[in-house]
Each structure stands twice: as structure tokens, then as C-alpha cells.
Amino acid sequence: MLIGSFCYSQNLQSYIDVAISNNPEIQKFDFQYKIALEKIEEVNSLPNTEFSAGVMALAPKMEMPMERFKISAMQMLPWFGTLSSRKDYAASMAESEYAEVNIAKRKLARSISQLYYLLYEIRAKQEVLLKNIKLLETYEQLALTSIEVGQASAVDVLRLQIRQNELQQKIDVLKEENKGIQAAMNSLLNRPFDEEITIFSTLIIPENDVTLNYERLSIHPELIQYEKIYNSVEQLELLNQKERKPVIGIGLEYINMKDSPMITSSYKDMLMPMFSLSVPIFNKKFSSQTKQNKLKLKEIEAQKKERLNSLQADLSKAIALRNQAKIKFDTQAKNLKQAKDAEEILIKNYETGSINFNDVLDIQELQLKFQMNQIESVQTYYVQQSIVNYFIQ
């Protein structure tokens, strides 16, 4: 089955979808994003309204006007536009959290892909080893037949059997390795560690790779996140400029006066509007915050440039390793063809009555080596392609 460089198999994509839906880390980032969204509503509210009340507990015996009790209410109001600035800052922080979610999803897809291709390598090698064991069994039968006519010795048979035992050992080791990789992948899928994972049995390196659009690297979520953080600092500075403005307070006070012949009935109760102004006269705090924000913007620009350079270097490395894997695969294919030609010559020699089983083992070992190298090249190609996809998908 042919799977293109930028095309996930349906089987692999289904695992990625399951992981994104079930993975606890993705859920963690998603919850953080939802919390950040809620903070927008949190900051878009006025300070608590202050209520106070007082009652005259012990009244002196005199005929002068005197209050019985009073009730007041005061509401502090931020400077015009401060609430909207707080809301904009909280929204910019939420956007930064959303970028974190996208980064986590890409990293998870890359991890799932790499484990998937490791499982492919393990199982493909097992299949090749089984085929080679069957081939050696065929050679063993030839050796037994040759012994009967005096053209081979029992040592040849033993060598072939020893070689089969070695290959069986490799199969058993790969089975244990398969369990470990499968458990790791199930962990990312948030499933029982021993649940079976199906893998396509054949992967072929495509002849022509899809042309890469390097410009897509500029919209990578990691770089977008720096832009969101940069925007949040800008919003923070706008908020800082608003918060250095005065805070206005408006209120109302009601005073209930004790009955007294010194005051008329129309003035027994008093209602007094109140106004207050909180002015940050000593505003070094806000000036310092402005300087910090300017420096922070420069720091973010430097971090973004540094990360862009790093992403470009990592992308170039992944492409180079992917291309190397393709070259190695093609070379192993040529070697494998020549090894099979040599095998056919040996079999023809057997038909003429002569066969060297040492040569048989050597050719078999070469074929196995080339087959294993091909599988490793395929695995390397697709692992590096998953890294390329992480950068520019």
C-alpha cells in the first residue's frame, strides 16, 4: 500500500483522532483555555459596592440635634475604558492559551505517528524473520537430501538449525519490544496498555515527495503563540495606562435625626450624595510597569526569532534525514536484488549436484541484512516525515 509523504493512512489518522479526544494532556490544555475564557467575564465587573451603617448606641441627654442612625453606599468606578482594557487583556491571554492547545495537539500527533511507525518496523521485521526461517527450513531439507547422496555433512544441517534458532530469538525479542511500544502508544490514547493496535503491514516510500511550502513555517502554532503573547503585553500596557488614571467614587448617605424642638420636621432626615476621587500621585509603579512592558516586547521578539531559526534548522534536518532514508532504501533494494540473483545461482548449482551451504548461509544473511535495512529506512523516512508534518502541516 502506498502512503504519500503528507498523507496519513486512515488507520493512523484514526489513532490520532482518538488521542486528541482522550489524551489527558490535551484535556488539561483545553481546560486551561476554558478557564482563560471565563477570566474575561471575571475582569469585566466593577469593584464591590460598599455599604455601611451606624446606630447611636448611647445618646447624651441634651436637646441638640442628633442622628439616630445613618446608612451609606459607595461605588468605586474605574477610569473610562479601564474595564474594556481589562477585558481585552484577558481575551489576549485566552488566545495565547488556545495556541498552546494547538501546539499540544501537533506534538501528540507527532508522538502517535512515531510510535506507530516503530510498531510497523517491529512487525515488519518479525514477518521477514519468519520468512527467512522458512527459507532456512527449505535449505535444511536440501542439506538432508545432500547428506543421503554424500554431497553434504551433518555439520551443514546443524549450522542451518543454529541459524534458525538465532532468527527465532530475534523474533522473541521483537515481541517483547512490541509490547513496550504498544503500551506507550496506548498510554497516549488513554486506553488499557495491552489493547491491540493494528498496523498496516506494508509501507512504501513514494517515488516523488510532495513539494514543501516553507512559508507555512511562519504560521506554526509555536510562532503564533509568541504573537499572541506579544499582543497580550501590548494590551497589558494599555491597561496600565488606564489604571494610572484616577478612580471615581459615587455614593449616597442617609441620616436619620432624633426628634428635637431645635429642628423642623422637614429636616429630621437627611440624604447626602457623596463623591470621591482616588488619584495615584506617586505613580512610579505605573512608570516602572511601562518600562517592563517595553523590555518584555523586545524579549518576545528575540524569542520568536530564536525559535524561528530553531524550527528552520530542525525542519532542514528532518528533510535531510528523510531524503537519506530514501537513498538508503533504494541502495538496499539494488543489493537485495543482487543477493537474490546469487541465491538463484546456488539453487541451480544444487540441481547440477553441487551446493556449498556456507555460501547459502552467507547469502541468506546478506538478504536478511538488506531486508532489515530496508524496513529501517522506511521507518526512518516516515518518522522524519512526521516531524516535517509537525512543522508545516
Side-chain angles (χ1 to χ4, degrees), residues 30-98 228-297 300:
D30 190 51
F31 287 134
Q32 290 175 350
Y33 171 60
K34 291 178 180 177
I35 291 171
L37 288 177
E38 286 300 320
K39 286 187 177 294
I40 298 176
E41 297 302 321
E42 175 188 336
V43 300
N44 191 32
S45 59
L46 294 172
N48 292 340
T49 303
E50 298 180 4
F51 294 93
S52 64
V55 179
M56 180 65 73
L58 295 174
K61 295 181 179 180
M62 57 181 64
E63 296 300 325
M64 294 179 63
M66 188 177 305
E67 65 183 47
R68 288 179 174 178
F69 66 88
K70 64 179 180 179
I71 301 173
S72 65
M74 176 66 74
Q75 177 65 61
M76 302 304 293
L77 300 173
W79 192 256
F80 305 103
T82 301
L83 285 181
S84 61
S85 292
R86 289 177 183 171
K87 187 175 181 180
D88 292 341
Y89 173 63
S92 66
M93 294 299 294
E95 290 179 0
S96 177
E97 292 290 346
Y98 184 72
K228 299 301 183 183
I229 296 174
Y230 188 95
N231 181 56
S232 70
V233 175
E234 289 182 323
Q235 294 299 328
L236 180 60
E237 177 54 27
L238 291 175
L239 176 59
N240 180 55
Q241 295 299 324
K242 293 292 183 181
E243 290 188 337
R244 71 192 304 169
K245 302 291 185 180
V247 177
I248 302 170
I250 57 175
L252 192 66
E253 186 173 57
Y254 167 77
I255 301 175
N256 182 270
M257 303 298 292
K258 180 181 178 182
D259 292 337
S260 171
M262 298 182 66
I263 57 176
T264 64
S265 59
S266 60
Y267 290 96
K268 288 182 180 179
D269 297 332
M270 292 189 294
L271 195 62
M272 181 172 60
M274 295 183 296
F275 177 81
S276 67
L277 192 65
S278 175
V279 181
I281 297 176
F282 305 100
N283 60 0
K284 289 185 178 180
K285 166 188 172 182
F286 300 102
S287 298
S288 175
Q289 185 65 54
T290 296
K291 291 179 181 179
Q292 292 178 49
N293 290 336
K294 289 180 179 178
L295 292 172
K296 187 66 178 177
L297 291 175
I300 293 170

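Proximity of a side-chain donor or acceptor of Asn240 to a complementary backbone N or O of Phe286 within less than 3.5 Å is detected.
Pairs of residues two or more places apart, or lying in two chains, never qualify as salt bridge (Lys or Arg N to Asp or Glu O under 4.0 Å) while including a residue from residues 277-294. Applying the salt bridge (Lys or Arg N to Asp or Glu O under 4.0 Å) test to every pair with at least one member in residues 75-87, sequence neighbours left out, gives these pairs: Arg86-Glu243.
The two residues Ala36 and Ala94 make their nearest non-hydrogen contact at CB-CA, 3.6 Å. Scanning all heavy atoms of the two residues, the minimum distance from Lys70 to Ile255 falls at CB-CG1, 3.9 Å. Summarising the geometry of Met76 relative to Pro47, their closest heavy-atom pair is O-CD, 3.5 Å, with the distance given to 0.1 Å. The heavy-atom pair separating Lys245 from Trp79 by the smallest distance is CB-CG, 3.3 Å.
For Gln241, the side chain to side chain contact (heavy atoms under 4.5 Å, CB included) partners are Glu237, Arg244, Thr290, not counting sequence neighbours. In this structure, Tyr230 has no ring-ring contact (aromatic ring centres under 6.0 Å, His included) partners at least two apart in sequence or on a different chain. For Gln235, the side chain to side chain contact (heavy atoms under 4.5 Å, CB included) partners are Asp88, Tyr89, Ser92, Asn231, Leu238, not counting sequence neighbours. Checked against side chain to side chain contact (heavy atoms under 4.5 Å, CB included), Leu295 has no partners two or more places apart in sequence or in another chain.
Counting only heavy atoms from C-beta outward, the side chains of Leu236 and Gln289 approach each other to under 4.5 Å.
Within a 6.0 Å sphere centred on CZ of Phe80, heavy atoms belonging to other residues, nucleotides or ligands number 12 at most.
Put simply, CE on Met74 and CD on Glu50 are 7.5 Å apart, with the number rounded to the nearest 0.5 Å. For the atom pair CD of Gln32 and CD of Glu97, the computed distance is 5.5 Å after rounding to the nearest 0.5 Å. Taking CD1 of Ile35 as the start and CD of Glu42 as the end, the distance is 11.0 Å to the nearest 0.5 Å. One distance of note links CG of Leu297 with CD1 of Ile229; it measures 11.5 Å at 0.5 Å rounding. For the atom pair OH of Tyr33 and CE of Met93, the computed distance is 13.5 Å after rounding to the nearest 0.5 Å. Considering CG of Leu252 and CE of Met274, their distance stands at 7.0 Å, rounded to 0.5 Å.
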For Leu77 and Val247, what are the C-alpha separation, side-chain angles and deciding distance, and is it a side-chain contact (heavy atoms from CB on, under 4.5 Å)? CA-CA 6 Å; Leu77 300 173; Val247 177; 5.9 Å; no

